[in-house]
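The block underneath contains the structure these notes are about, expressed in C-alpha cells.
A note on names: the letters A, B, ... follow the listed sequences, proteins ahead of strands, and every chain is numbered from 1. If you're wondering where the values come from, they're calculated on a predicted model, not measured in any experiment.
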Amino acid sequence: MPAATFEDLAVPLFDQLYNFARWLTQDTTEAEDLVQETYAKALRGFSSFQAGTNFRAWMYRILRNSFLSSRTGLKTTVALDEEEHATAVEEHRTPEALLIAQASREMVQQALTELPVPFREILLLCEVEEMSYQEIAETLGIAQGTVMSRLFRARKALRELLLPRLNGGPHGV
Amino acid sequence: MACEVWREKLDAYADGELPAAEAAALSAHLPTCAGCAADILERVQMKRSVAAAGKRYEPSAQFRARIVGNLAAQSRATKSVRPSWQWRILAVPALAVFLVSLAVNSYVSRDNARRQRVYSELADLHVSALASATPVDVISTDRHTVKPWFQGKIPFTFNLPELQGTDFTLVGGRVTYLAQTPGAHLIYQLRKHEISVFIFPDRGGETASPASGPTNAVSFNMENWTQNGLRYFVVGDVGAGDLHKLASLLRSTQ
C-alpha cells in the first residue's frame, strides 16, 4: 500500500481543526489564520512526522502550540497548579443529572466560552474529538495522570457554571 | 465492592478508559447501586451536552477552498516541479522514478477506470433511488427498526450510528445490487440534502478500489472504506466535510 500523502491525512481534519481553532481564539479571522498557519507548518514538518504515530494528535499539537505563541494565546495562561492524581472523590450528585439534562445547547456553549482555555480545550478534545486519554496526553504534552485530573477539574468547573443558571430558571440569572 | 472504590473511577468508565475487567465489574455494580448509576447518568449526560455544544463552528466555503485548494495545488507542484539548483543531483534518481512511475501509472489508470465505473454506478443508484416514488422500502428514523429489517434480505449484518446530537437524520433503507451482489442502501438527510450509504460484502477489490479518501465523481462527493469485511460507500451532494462526518460516525460504530 502506498504511504498516505499529507493531503490525504490532513484534508479530512479540516473542519474539526477549524472548530477547535475557533473555540480557542473566539474569533473567525484569528481562527482562519491559525488553521492556515497550522497547515503550513505541518506541511513543512511532514517529513519529520513519524509514520504510524498519531497524525491527528500531531496536527492538534501544532495548532495548539501556534495558538499559544499567537497574540491572543500569549494572553491566556495555561499554567495550572495541578496535582497529578488529584483524588476525585465526591458525594453522589443524584438530582444534578436531571438538571444538566435541561441545559440548552446555547447555555453549554456559553459556559464553555467562559471556561479558562486549559479546561475548554481538554473538554473539546475529549467530548467533541473523542480522543483517548493517550491522544489527549500527546496533544497537550502532559502525562495521562494529568489528563485525568485536569478533565475532572474541567468538568467540575463547567458543572459549577451551569448549575446556578439551571436553578435560576431557563435563562439563568 | 463498596462504592467508594468505584466513585473515583466513574469518569474513566464514562470515557471508556477503564480496563476491560474493571469496566465489567463496574457494569455489574451499577444495577445494584442507585447512587453510582445516577452519577454515571449525569456524567454521560454532561458528555453528550458538551459534544453537541462543541460542534459549533464551520469554516466558510471560501476559506475551505483556499486551504484545501492550496494543498491540492502544492501536492501537484511537489510531484512535478523541483527547484532548479537541485536538478543535477536529482537527475539520475528522477529518471529511475520516472521509469517506475510510467509502469505504475499504467497500472493505476486501469485501476482508476474501474473505480470510476463503480463510482458512477453508485451515483446512478443514489439518483435513481431519490427519483423513485418510493426511495426507501423501510421508512424509519430509528436505527433499531432499519437494521433488523435487512435480516434475511442481505447476507451480512452491520451497525448504524447513534445520530442524536448530530445534524443527520436517518430516512430509511432498501436492498440494492452492485455487480450482482446484494447490499444495503441507507438514506440519510442533512439539511434537505440526501446522502446514500451503501454497504456491500468486500470482495477484495472486485467491486471497488483501494482508495478511501474523499473523491468527487459526477459532481457527487464520495467516500469509501473497508471495515470488518464490508465495503462502505457514502455518496451525496453535500460538502466533503459533511460527508466525512457521516462516514466517521459510521466507521466508529462498526
Between B/Q227 and B/W225, is any side-chain donor less than 3.5 angstrom from a side-chain acceptor?
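Note: B/Q227 and B/W225 side chains meet the donor-acceptor criterion.
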
Which bit of [X] comes within less than 4.5 Å of chain B, counting heavy atoms only: side chain, backbone, both or neither?
{"X": "A/L151", "result": "side chain"}
{"X": "A/T113", "result": "side chain"}
{"X": "A/Y133", "result": "both"}
{"X": "A/R155", "result": "both"}
{"X": "A/F6", "result": "side chain"}

Shorter than 4.5 Å, heavy atoms on both sides: which option in B/V68, B/D15, B/V50 has the most such pairs with chain A?
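Going by pairs under 4.5 Å, I would pick B/D15.
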
Tell me, side chain or backbone of B/R48 under 4.5 Å from chain A's heavy atoms, or both, or neither?
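Contact with chain A: none, neither part.
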
Heavy-atom contact with chain A under 4.5 Å, split by part of B/A12
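Both parts, heavy atoms under 4.5 Å.
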
Are A/V35 and A/E32 side-chain neighbours, meaning at least one heavy-atom pair lies under 4.5 Å?
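Not touching, per the 4.5 Å side-chain cut-off.
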
Under a 4.5 Å cut-off applied to non-hydrogen side-chain atoms, are B/Y188 and B/L246 in contact?
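In contact.
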
Test salt bridge (Lys or Arg N to Asp or Glu O under 4.0 Å) applied to B/K245 and B/E58, step by step:
CA-CA 12 Å; B/K245 269 183 218 157; B/E58 285 206 30; 3.7 Å; yes

Non-neighbouring partners of B/E194 that pass side chain to side chain donor-acceptor pair (under 3.5 Å), sequence neighbours left out:
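Partners of B/E194 by the side chain to side chain donor-acceptor pair (under 3.5 Å) criterion, ordered by chain and then number, come out as B/Q189.
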
Would you please name every residue forming a side chain to side chain donor-acceptor pair (under 3.5 Å) with A/E138, sequence neighbours left out?
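So A/E138 forms a side chain to side chain donor-acceptor pair (under 3.5 Å) with A/Q134.
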
